[in-house]
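These notes concern the structure reproduced below.
Both backbone and side-chain heavy atoms feed into the values below; hydrogens, waters and symmetry mates do not. Below, chains carry the letters A, B, ... as their sequence lines are ordered, and counting in each starts from 1.
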There are 2 protein chains.
Amino acid sequence: MTRSVADSPRDDPRRAPSIVAPPSLVELAAATLRRMIVGGDLLCGDRIVENRLTRELGISRPPLREALRMLEREGLVHQVPRKGAIVTPLTLHDIYEIFTLRGEYERFAVQLGVPVRDASRLRRCREALGRMAEAAEADDEPSFAEYSFEFHVSIVGLSGHRRLEEAYRSLQLQMMLSMAMNRRARERETLTEDLQRHRRLLEVIEGGDTDMVLRELSRHGDRTFLDGIESRVQGHTDVALEWLRQERANSQQLG
Amino acid sequence: MTRSVADSPRDDPRRAPSIVAPPSLVELAAATLRRMIVGGDLLCGDRIVENRLTRELGISRPPLREALRMLEREGLVHQVPRKGAIVTPLTLHDIYEIFTLRGEYERFAVQLGVPVRDASRLRRCREALGRMAEAAEADDEPSFAEYSFEFHVSIVGLSGHRRLEEAYRSLQLQMMLSMAMNRRARERETLTEDLQRHRRLLEVIEGGDTDMVLRELSRHGDRTFLDGIESRVQGHTDVALEWLRQERANSQQLG
DNA sequence: GCGTAGACTATTGTCTACAGCAGACAGCAA
DNA sequence: TTGCTGTCTGCTGTAGACAATAGTCTACGC
């Protein structure tokens, strides 16, 4: 794995392009933790004991604690004073929040970024898609998920809106966390089919018709994930249940 | 000042309601730093030297560093490995990003939250407005800004969407940072006029007509702040300049 | 006079150690 | 046997110290 799904964006235009990007233990620890969480090594609600992790990662507590603070603000970790940290437990309401907000981010990004002005941004999408294809070829599901993540972020990146992209990246991580709860749901769909969906999306984007992209996005969603979700999580608020009903109705209508 | 604009939300429903909420030095340091930054004690681009701050705040470096990590993810502070931290410098493009994304957040929140279902959420808005009125009465501008901040956050809180509210809170802090760059612009408008604007907004919200709230919001903006902004910041991208032109055209048309 | 190499200072990155609090368990009493 | 209380262990919160690196200033050579 050459680049983690969880690395901080290194392409901040404010920083002069340096030949070497010296990593700090904090960033490395944060990246590793993100991988562990979205990869399913740590499940929702699991306690995160600092001493144990320092042994596993081979670092001392201060950098680990700073990394935990970062993940806390990203929403992957929940810290309670004097009681420690746990992987954020997700309720159905949380999943409702994650999906709806992600939808808004994507919609706004497409409105800003399509038709595409900057060719280099499109290249970034194509590269991610290319890596997805390679991973699908090799039947390497972790890598596929990683590059799928990068692909979606790069789509939002078309907007040229860094804050939007960063917010989206953070939320997308939470989405991967929620999906780590039930991997089985995704197995129904083959990597190849998934790849096709993404390829079609990029084609529509290159077409430049904003509305058509929005329609394609609305049917793009990972709705298979939502099947039977109520039985696997708690926190069933009214709005969340209502949203779930709507999503399923749309899903049937479209596909 | 009983409650900082920068305090973390204590009303997380996942945490059992405890009699005492023991503060940690990290949170206290983060709150203090936020106040210093949005209050204008630290200006954009100012270096943040850890040792100096530990002396000023009377704490040691580890909690301060953790606080800095939090502010970094909030976008108020920019850290470069082995070179230290600075208060995030803002370009015109940054201001474009902050304003546009904030607008999207507010729009989405209103769509979800108006008409209001939960009366307790409305009470929160009214309380913030009440405190604004008190501050205006006393001609206490810092407090007024603080409660205005809380008012806007509580408006977004009507949506019942915690992640949206948190993202909005973070962005609103950056907006206050950008406004700290030129306090003069706001002096033209009296606190009373400002209060009236907010009061009208809340009335429209209580009316329950979503579209009408959106219209009111679109003319609510702090556009006086944008006057002559180009000369005070750098980073003039094309999209940012185009946006600025649009904003001014809308501003003239509406008011 | 200008450029460069060296040392020095200031600042960040990291680690170890100690203090304080929370939860668990055992012992005692009713 | 059940409930309470005291102790005890493990964890987090914080502090201070050490190591490493970047920036700067000075002195030397060309």
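- Among the protein residues, A:Ile48 comes within range of the sugar-phosphate backbone only, with heavy atoms under 4.0 Å from sugar or phosphate atoms but none that close to a base.
- Listed candidates were D:dC11, D:dT14, C:dG13. Nearest to the side chain of A:Arg47 is D:dC11.
- Residue contacts shown for A:Pro62 include a base, since a base heavy atom lies under 4.0 Å away.
- With hydrogens and angles ignored, a donor-acceptor pair closer than 3.5 Å exists between the side chain of B:Arg61 and the base of C:dG13.
- Regarding B:Arg82, its CZ atom lies at a distance of 7 Å from the P atom of C:dT14, rounded to whole Å.
- With distances taken from any side-chain atom of B:Pro63 to the nucleotides D:dT12, C:dT12, D:dA15, the minimum falls on D:dA15.
- For the pair B:Leu25 and A:Arg52, both in contact range of DNA chain D, the more 5′-proximal nearest nucleotide belongs to A:Arg52.
- Ring geometry for A:Tyr105 versus A:Tyr168: interplanar angle over 60°, hence perpendicular rather than tilted (30 to 60°).
- Side-chain contact between A:Phe149 and A:Val38: absent, with no pair of heavy atoms (C-beta onward) separated by less than 4.5 Å.
- Here D:dG13 presents its C1' atom at 9 Å from CD of B:Glu66, a figure rounded to the nearest Å.
- With salt bridges taken as basic N to acidic carboxylate O contacts below 4.0 Å, one links B:Arg124 and B:Glu165.
- Rounded to an integer number of Å, the gap from CD1 of A:Ile59 to C1' of C:dT16 is 15 Å.
- Put simply, A:Lys83 has no side-chain N or O that comes within less than 4.0 Å of OP1 or OP2 on C:dC21.
- Ion pair A:Arg73/B:Glu74 flagged as a salt bridge, since at least one NZ, NE, NH1 or NH2 atom sits closer than 4.0 Å to an Asp/Glu carboxylate oxygen.
- When distances are taken from the side chain of A:Val49 to each of D:dC11, D:dG23, C:dG13, the shortest belongs to D:dC11.
- A salt bridge between B:Arg163 and A:Asp94 is present, with a side-chain N of the basic residue lying under 4.0 Å from a carboxylate O of the acidic one.
- Candidate nucleotides D:dT14, C:dT14, D:dT12 were compared by shortest atom distance to the side chain of A:Glu50, and D:dT12 ranks first.
- For B:Asn51 and A:Gly58, each mapped to the nucleotide of DNA chain C holding its nearest heavy atom, the one lying further toward the 5' end belongs to B:Asn51.
- Look at A:Arg65 and you'll find a side-chain N or O under 4.0 angstrom from OP1 or OP2 of D:dG13.
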